[in-house]
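Side chains included, hydrogens not; waters and symmetry mates left out as well; all remaining heavy atoms used. This structure is a prediction, so every number in the text was calculated from the model and none was measured. We name chains A, B, ... by the order of the sequence lines, and we start the count at 1 in each one.
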There are 2 protein chains.
Amino acid sequence: MLSRSEEDHLKAVYSLLQEGADAFTNDVATRLHTKPSSVTVMLKKLADKGLLKHQPYRGVRLTAKGRGLALMLVRKHRLWETFLVDRLGFAWDEVHEVAEQLEHISSEKLVDRLSHYLGEPAFDPHGDPIPDRDGKLPERPTLQLTDCAVGDSVRLVAVKDPSDELLHLLGGKGIGIGARLKLVARHAFDGSFELHTAPKTTHTLSAQVAAHLLVERP
Amino acid sequence: MLSRSEEDHLKAVYSLLQEGADAFTNDVATRLHTKPSSVTVMLKKLADKGLLKHQPYRGVRLTAKGRGLALMLVRKHRLWETFLVDRLGFAWDEVHEVAEQLEHISSEKLVDRLSHYLGEPAFDPHGDPIPDRDGKLPERPTLQLTDCAVGDSVRLVAVKDPSDELLHLLGGKGIGIGARLKLVARHAFDGSFELHTAPKTTHTLSAQVAAHLLVERP
DNA sequence: TCCTTTATTTAGTCCTGTCTAATCTTTTTC
DNA sequence: GAAAAAGATTAGACAGGACTAAATAAAGGA
């Protein structure tokens, strides 16, 4: 049984890793609005419980057990968000704070019944995937960058058939998994894209490259 | 803003008083599965916040503010119980523990929307009244003792048109508000009742008296 | 009434989770 | 490659909430 704070830390680690970044003490502290020293202590506790491996000064990695528990928290959070929006009529931007509280309710039966009541949804109101009771995430409805329109903001979730050459090209532009891409133009001549990876950073990608990039909204 | 523990103590005091008894330190401790010394400390905290008056060695009384907050907790608890039973298909005896957790979720909007979603119910699955958002309890569907059948176990909730003489008669038999009455026989000759007020204590009440007693199940 | 029992409170301890301040690593910069 | 900066950890303090043990108040019985 985890305390509320332990659950918060575990989930913060999970989502940082999910976003492609490493999970460093500072990042966790920022996310939880707390201080790095407090995070260090909690990471040690979670490591002692076998939920993650903590390499001092090097960040953390989740164990299978830790990932499983984190997925159950994500499941609860997203199911409650679905309930709040679909059934109680909350707006999608009002639900996070309340769901943060609801996700700590501990009752497996409640979670499973809620999921059933909602029709076993696979995605929450934000489009995020809801893990099933075994922790399996549904396939994301990914789309190729070439299917996006100018003005879209998307996030890179996978690279299809990643060759060394392709990955090197992307790496050189600072584009990795989790990168946020905003399409600003598309050239009719060769189908190449202009996109922002950051407010002032513009890159050009050929149509061949774009066809390998799987993205999601938002 | 009250802590979870403060809320638990406040609600325990409220329900003890509701049951007609005084709220003594020991009773609160028993109800919360904690020690009297811990309760004393918490009662002091709640008294400092103006939610109750604590007379050392003499028990506590709630202030209007304290009663109001307690009623909001009761409201949340009973609304969630209704949700769990009516919507998620829980059995009535499975819901208490989960509702104990859910009642601490703090979001006025959530409570009001939940109530609306459930059709503004006035009574929970156990038949207990659900306070409205202003803390007002609905009228109980009381029934006269004369409408009860042999074998019923009921609780005295009110005395209709209480005259001094009637109250004196009841007082002499040790029957007061909150008393649990089990009907063991009814005489066809004059409509009088035989009932237990305790396992081995039998009393006889005339039909005239019984008609003044308003009771509830269970 | 005095003494015993029971109920309550007080004092001091411990555990959890947070913080600040100080120390120690790692990375960056010149 | 050494010094500075940034990031992480450790040590020590503190608040909340629980406990045990000891002291105190109220209630009951001889």
Side-chain angles (χ1 to χ4, degrees), chain A residues 1-13 16-17 19-62 66 69-70 73 100-101 103-104 106 171 174 176, chain B residues 1-13 16-17 19-62 66 69-70 73 100-101 103-104 106 174:
Chain A
M1 184 95 304
L2 297 185
S3 71
R4 162 137 197 186
S5 180
E6 287 170 329
E7 289 189 348
D8 284 335
H9 283 77
L10 183 63
K11 206 183 119 202
V13 167
L16 283 167
L17 294 174
E19 289 160 18
D22 294 316
F24 288 105
T25 304
N26 250 6
D27 308 319
V28 177
T30 301
R31 182 150 308 204
L32 298 178
H33 302 105
T34 181
K35 303 296 174 187
S37 54
S38 309
V39 171
T40 301
V41 176
M42 289 306 297
L43 292 182
K44 182 160 167 22
K45 288 193 65 174
L46 293 173
D48 288 347
K49 293 191 177 193
L51 303 180
L52 50 79
K53 300 285 184 193
H54 183 202
Q55 297 209 290
Y57 299 98
R58 287 277 148 79
V60 297
R61 290 180 310 115
L62 289 175
L69 281 176
L73 290 169
E100 285 286 306
Q101 295 184 63
E103 79 189 6
H104 295 290
S106 76
Chain B
M1 184 96 303
L2 297 185
S3 72
R4 161 136 199 189
S5 180
E6 288 171 327
E7 289 190 348
D8 284 336
H9 283 76
L10 184 63
K11 206 182 119 204
V13 167
L16 283 167
L17 293 174
E19 289 162 16
D22 294 316
F24 287 106
T25 304
N26 250 6
D27 308 320
V28 176
T30 301
R31 181 152 307 203
L32 298 178
H33 303 105
T34 180
K35 303 296 174 186
S37 56
S38 308
V39 172
T40 300
V41 175
M42 289 306 296
L43 291 181
K44 181 159 167 23
K45 288 191 64 174
L46 293 174
D48 288 347
K49 293 192 177 191
L51 303 180
L52 50 79
K53 301 285 185 192
H54 183 203
Q55 296 208 291
Y57 298 98
R58 287 279 146 79
V60 297
R61 289 181 312 115
L62 289 175
L69 281 175
L73 289 169
E100 285 286 306
Q101 295 184 63
E103 79 188 5
H104 295 290
S106 76

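- At a threshold of 4.5 Å between non-hydrogen side-chain atoms, the residues B:Glu7 and B:Glu103 do not count as touching.
- For the side-chain contact (heavy atoms from CB on, under 4.5 Å) test, residues two or more places apart in sequence or in another chain that qualify with B:Pro36 are B:Thr25, B:Asn26, B:Ala29.
- Closest of all the heavy-atom pairs between A:Tyr57 and A:Phe24 is O-CE2, 4.4 Å.
- In this model, the phosphate group of D:dT9 is approached by a side-chain N or O of A:His54 to a distance below 4.0 Å at OP1 or OP2.
- A:Lys45 comes within contact range of the sugar-phosphate backbone alone, with a heavy-atom separation under 4.0 Å but no base atom that close.
- Residue A:Pro36 is in base contact, counting any heavy-atom pair closer than 4.0 Å across all strands shown.
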Taking it one step at a time, do A:His104 and B:Gln101 satisfy side-chain contact (heavy atoms from CB on, under 4.5 Å)? CA-CA 9 Å; A:His104 295 290; B:Gln101 295 184 63; over 6 Å; no
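- Taking the side-chain contact (heavy atoms from CB on, under 4.5 Å) definition, one finds that B:Lys45 meets it with B:Glu6, B:Met42, sequence neighbours left out.
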Evaluate side-chain contact (heavy atoms from CB on, under 4.5 Å) for A:Val28 paired with A:Leu32, printing each intermediate quantity in order. CA-CA 6 Å; A:Val28 177; A:Leu32 298 178; 3.9 Å; yes
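- Protein atom NZ of A:Lys44 is 11 Å distant from nucleotide atom P of D:dA11, rounded to whole Å.
- Evaluation of the salt bridge (charged side-chain N to carboxylate O under 4.0 Å, His left out) test over residues 23-40 of chain A, restricted to residues two or more places apart or in two chains, returns A:Glu19-A:Arg31.
- Here A:Lys53 pairs with nothing under the salt bridge (charged side-chain N to carboxylate O under 4.0 Å, His left out) rule; sequence neighbours left out.
- Under the rule for a salt bridge (charged side-chain N to carboxylate O under 4.0 Å, His left out), the partners of B:Arg4 that lie at least two apart in sequence or sit in another chain are B:Asp8.
- The distance between atom CE of B:Met42 and atom C1' of D:dA15, rounded to the nearest whole Å, is 13 Å.
- Bracketed by its first and final contacts, the part of DNA chain C lying under 4.0 Å from non-hydrogen atoms of chain A reaches from C:dG17 to C:dT26 in 5' to 3' order.
- In this entry the distance linking CG of B:Asp48 with P of D:dG16 reads 12 Å, nearest Å.
- Using a 4.0 Å cutoff on non-hydrogen atoms, the parts of residues 24-34 of chain B near DNA chain C are B:Phe24, B:Thr25, B:Asn26, ordered by number.
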Could I get a table of every N or O pair under 3.5 Å where one atom is in the protein and the other is in nucleotides 20-23 of chain D?
from   : atom 1 : to      : atom 2 : distance (Å)
D:dT20 : O4     : B:Ser37 : OG     : 3.1

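- One atom, CG of B:Leu43, and another, P of D:dG17, lie 13 Å apart when rounded to the nearest Å.
- Considering NE2 of B:His9 and OG of B:Ser38, their distance stands at 7.0 Å, rounded to 0.5 Å.
- Judged as a side-chain contact (heavy atoms from CB on, under 4.5 Å), and not counting sequence neighbours, the contacts of A:Ala23 are A:Val13, A:Leu16, A:Leu17, A:Val60.
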